[in-house]
Number of protein chains: 2
Amino acid sequence: MDPEIDLLHHIKSFEAQLEDYLPGNSIDCVILGYESQQLKVLLLKWKNDGVWTLPGGFIKKTEHLDDAAQRVLQERTGLSSVFVKQFYTFGSSVRNKNPQISKPLYHLKKMEELSPNFLKWITNRFITTGYFALVDIKRIHPRPDAFSEVCEWKSLNALPPLILDHKEIITKALDHLKTQLNYLPIGISLLPKKFTMQDLRKLYEAILGKPLERSNFQRKLLKLGILIRHEKQMTGAANKAPYLYSFSEEKYYELIKNGIGFYS
Amino acid sequence: MDPEIDLLHHIKSFEAQLEDYLPGNSIDCVILGYESQQLKVLLLKWKNDGVWTLPGGFIKKTEHLDDAAQRVLQERTGLSSVFVKQFYTFGSSVRNKNPQISKPLYHLKKMEELSPNFLKWITNRFITTGYFALVDIKRIHPRPDAFSEVCEWKSLNALPPLILDHKEIITKALDHLKTQLNYLPIGISLLPKKFTMQDLRKLYEAILGKPLERSNFQRKLLKLGILIRHEKQMTGAANKAPYLYSFSEEKYYELIKNGIGFYS
DNA sequence: TCAAAAGTGTTATCTGTACACCCATGT
DNA sequence: ACATGGGTGTACAGATAACACTTTTGA
């Protein structure tokens with residue numbers, strides 16, 4: 001099937017339900033993962049255009065803002081029980097003035113088939129609320145939406161060009177991540193069930209952007225009493241094998257409720 | 001002039017400009033002050049009804065969300081250069097289902113003069129973004145808006161009944177205040193220019209909800225290097241007169257940028 | 001036997017906390 | 001004189017940070 005026809009079909013079906021959605025409000029998700037000692041964010045590449053965007057969506061008239069975010073997350077990753085949190089609302093009156101917003105639509109050959117009503121709706125001013133999610137990359141299978149051809153993880157150190165203010169949204173999400181570090185379930189959300197102490201340390205180093213002293217890190221975390229030690233993991237490397245650990249969930253969540261008082 | 005006629009006049013003039021405002025979005029301000037060793041919030045009491053609300057407003061189509069908050073703050077307090085910060089967006093789909101929202105309108109004898117268009121607009125679902133401000137109570141002169149008869153400070157320990165989810169909005173603002181304590185200009189915003197060490201300590205005690213050791217507090221704050229010591233203040237009490245202090249503004253703002261690393 | 005990373009030990013320094021002490025002030 | 005709150009001193013417990021030492025592993 002011609003992907004352009006397919007896209008047009010999707011737009012038309014959304015257009016038919018336009019009355020079910022709030023005009024002028026949207027949500028965008030900064031879905032963060034951790035892989036190869038790097039923080040990564042899940043992005044979509046639009047059809048017919050090639051610019052990248054954050055996964056986002058519109059809000060149904062009967063739907064809570066938080067539920068809209070959960071819905072988008074579920075649609076893109078297949079996950080329903082992950083950590084999601086609202087972090088900021090972007091309310092500039094000129095967010096939509098960037099011409100890139102409508103580019104993919106103008107590339108459609110059959111654009112004239114779309115109603116002026118819909119074009120007005122979609123190019124209107126939008127106030128968007130940012131949500132961020134922390135997920136274990138290995139557990140999810142990214143799926144592009146109707147408007148996109150690719151949905152994949154991008155390293156935060158090498159972001160592609162993004163539409164509108166999506167770069168700013170990511171920056172703000174990272175600020176939030178850093179200042180709220182002690183109250184967020186970083187380790188338990190971003191790492192696989194079992195991990196080594198080095199994995200955990202490298203994760204914190206990636207977030208904080210600075211090296212942490214190995215031996216002190218180990219002692220400090222063990223003393224928190226949230227780690228369960230498992231069997232050693234033979235890595236094949238020419239050195240002592242590290243233990244594997246997992247988190248004691250109840251203790252973990254109890255701890256971050258009052259702030260893990262970790263690194264400041 | 002009959003206050004009810006006056007109110008109706010205001011509503012009609014707003015109704016005439018309805019097209020200039022975003023439908024479905026609003027801002028609410030949690031304006032915090034400190035007086036008599038208590039944190040206080042600025043509230044409005046509606047005409048014809050008597051329930052209390054947070055000062056809030058609507059957003060012009062060409063206006064940044066932040067600017068709408070600044071505008072409301074300016075209108076209620078007369079202040080333009082105060083600390084304001086967005087803290088959360090409330091997106092429940094049933095926020096407006098509380099009957100209190102329209103009560104004051106229904107109390108109007110001449111309500112039938114209002115257009116159905118306006119009534120639909122105002123009773124629609126609204127997504128509201130909360131801003132909080134920190135101000136020196138002594139510097140401001142609260143002014144009620146067209147819909148209100150009273151605008152005054154209320155102690156956080158004894159809040160009157162509030163419309164809709166405004167209680168929840170205040171609670172969330174206080175959460176934000178506590179978790180962001182180290183990054184907010186608490187002292188410099190809430191206290192008068194000159195203050196005693198006891199004033200500053202009592203302020204922190206009010207926010208943290210627990211007593212702080214007098215002598216250690218003093219040493220800790222002096223060591224931060226953000227305080228300027230002035231002449232002693234003869235209080236008339238039968239004890240040693242305390243020094244007055246003021247903040248070194250540049251040093252203060254430099255410090256909170258990285259977090260004052262204060263009490264956790 | 002060697003290099004590399006893991007795990008544990010040691011020590012100096014800083015910070016938090018509690019409380020003791022003297023000082024200034026008005027009754 | 002004395003009660004009251006302000007300002008400073010001291011001493012101990014615990015946390016932090018830097019680095020040394022030993023152990024395990026595969027080449």
Side-chain angles (χ1 to χ4, degrees), chain A residues 36-37 181-182 187 191-192 194-246 255-256 258-264, chain B residues 36-37 178 181-182 187 191-192 194-247 255-256 258-264:
Chain A
S36 312
Q37 305 195 357
L181 192 58
N182 290 328
L191 293 176
K194 292 186 179 182
F195 50 88
T196 66
M197 195 59 85
Q198 185 178 209
D199 292 336
L200 188 53
R201 179 168 51 88
K202 293 286 183 189
L203 169 58
Y204 272 94
E205 289 180 344
I207 295 174
L208 293 168
K210 65 179 181 189
L212 300 171
E213 214 282 329
R214 185 181 58 86
S215 64
N216 295 332
F217 181 91
Q218 168 133 345
R219 239 188 313 265
K220 183 167 196 169
L221 271 149
L222 287 177
K223 200 157 69 172
L224 291 176
I226 56 175
L227 290 174
I228 301 162
R229 180 176 278 185
H230 300 280
E231 72 285 6
K232 291 192 177 188
Q233 181 191 43
M234 293 299 176
T235 57
N239 52 41
K240 194 171 177 177
Y243 288 108
L244 286 175
Y245 294 90
S246 65
L255 186 65
I256 60 166
N258 301 317
I260 197 171
F262 195 26
Y263 280 99
S264 47
Chain B
S36 312
Q37 305 195 357
K178 280 176 195 165
L181 193 56
N182 290 328
L191 293 177
K194 291 188 178 181
F195 50 88
T196 66
M197 197 58 87
Q198 186 178 212
D199 293 335
L200 188 53
R201 178 167 52 87
K202 293 287 183 189
L203 168 60
Y204 272 95
E205 289 180 344
I207 295 173
L208 293 169
K210 66 178 181 190
L212 299 171
E213 214 285 328
R214 183 181 58 87
S215 64
N216 295 331
F217 180 90
Q218 168 132 346
R219 238 188 313 265
K220 186 166 194 170
L221 271 150
L222 287 176
K223 200 159 69 171
L224 292 177
I226 56 175
L227 290 174
I228 301 162
R229 179 176 280 185
H230 300 282
E231 73 284 7
K232 290 191 177 189
Q233 182 191 40
M234 293 300 177
T235 56
N239 52 40
K240 193 171 177 178
Y243 289 108
L244 286 175
Y245 295 90
S246 66
F247 287 106
L255 187 65
I256 60 167
N258 300 317
I260 198 170
F262 194 25
Y263 280 99
S264 47

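Here is how names work: the chains are called A, B, and so on, in the same order as the sequence lines, proteins then strands, and each is numbered from 1. In this text the structure is predicted, and so the values were computed from the model without any measurement.
- For B/D199 and D/dG5, the CG to C1' distance is 13 Å, given to the nearest whole Å.
- In this structure the side chain of A/H230 reaches within 4.5 angstrom of the side chain of A/I228, judged on heavy atoms.
- For B/Q198 and D/dG5, the shortest distance from a side-chain N or O to OP1 or OP2 is not below 4.0 Å.
- Take B/R214 and apply the side chain to side chain donor-acceptor pair (under 3.5 Å) test, not counting sequence neighbours, and it matches no residue.
- In this view, A/E205 and A/R201 satisfy the side chain to side chain donor-acceptor pair (under 3.5 Å) rule, not counting sequence neighbours.
- Between A/Q218 and C/dA6 there is no side-chain N or O to OP1 or OP2 distance below 4.0 Å.
- B/I226 contributes atom CD1, which lies 6.0 Å from atom CG of B/L221 (distance to the nearest 0.5 angstrom).
- Checked against side chain to side chain donor-acceptor pair (under 3.5 Å), A/T235 has no partners two or more places apart in sequence or in another chain.
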Give every pair of a protein N or O atom and an N or O atom of nucleotides 19-22 of chain D that lie under 3.5 Å apart, one pair per line with the distance.
unit_1: D/dC19; atom_1: N4; unit_2: A/S215; atom_2: OG; d: 2.4

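- In this structure B/A206 satisfies the side chain to side chain contact (heavy atoms under 4.5 Å, CB included) test together with B/Y34, sequence neighbours excluded.
- The closest side-chain heavy-atom distance from B/T196 to B/Y245 is not below 4.5 Å.
- At a threshold of 4.5 Å between non-hydrogen side-chain atoms, the residues B/M197 and B/Y243 do not count as touching.
- Within residues 229-239 of chain A, the residues approaching DNA chain D are A/M234, A/G236, A/A237, A/A238, A/N239, by heavy-atom distance under 4.0 Å.
- In this structure, the CE atom of A/M197 is 10 Å from the C1' atom of C/dG7, given to the nearest Å.
- When rounded to the nearest whole Å, the span between CG of B/L222 and C1' of D/dG9 equals 15 Å.
- Atom CG of A/L221 is separated from atom C1' of C/dA6 by 15 Å (rounded to the nearest Å).
- Note: CG (A/L244) to P (C/dA5) measures 18 Å, nearest angstrom.
- Dashed line: the shortest gap from a side-chain N or O of A/K220 to OP1 or OP2 of D/dA17 is not under 4.0 Å.
- A/L200 has its CG atom 13 Å from the P atom of C/dG7, to the nearest Å.
- The distance between atom OH of B/Y204 and atom P of C/dG16, rounded to the nearest whole Å, is 14 Å.
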task: Apply the test salt bridge (Lys or Arg N to Asp or Glu O under 4.0 Å) to residues A/K194 and A/E231: give CA-CA distance (whole Å), side-chain angles for both, the deciding distance (0.1 Å), then the verdict.
output: CA-CA 10 Å; A/K194 292 186 179 182; A/E231 72 285 6; 3.7 Å; yes

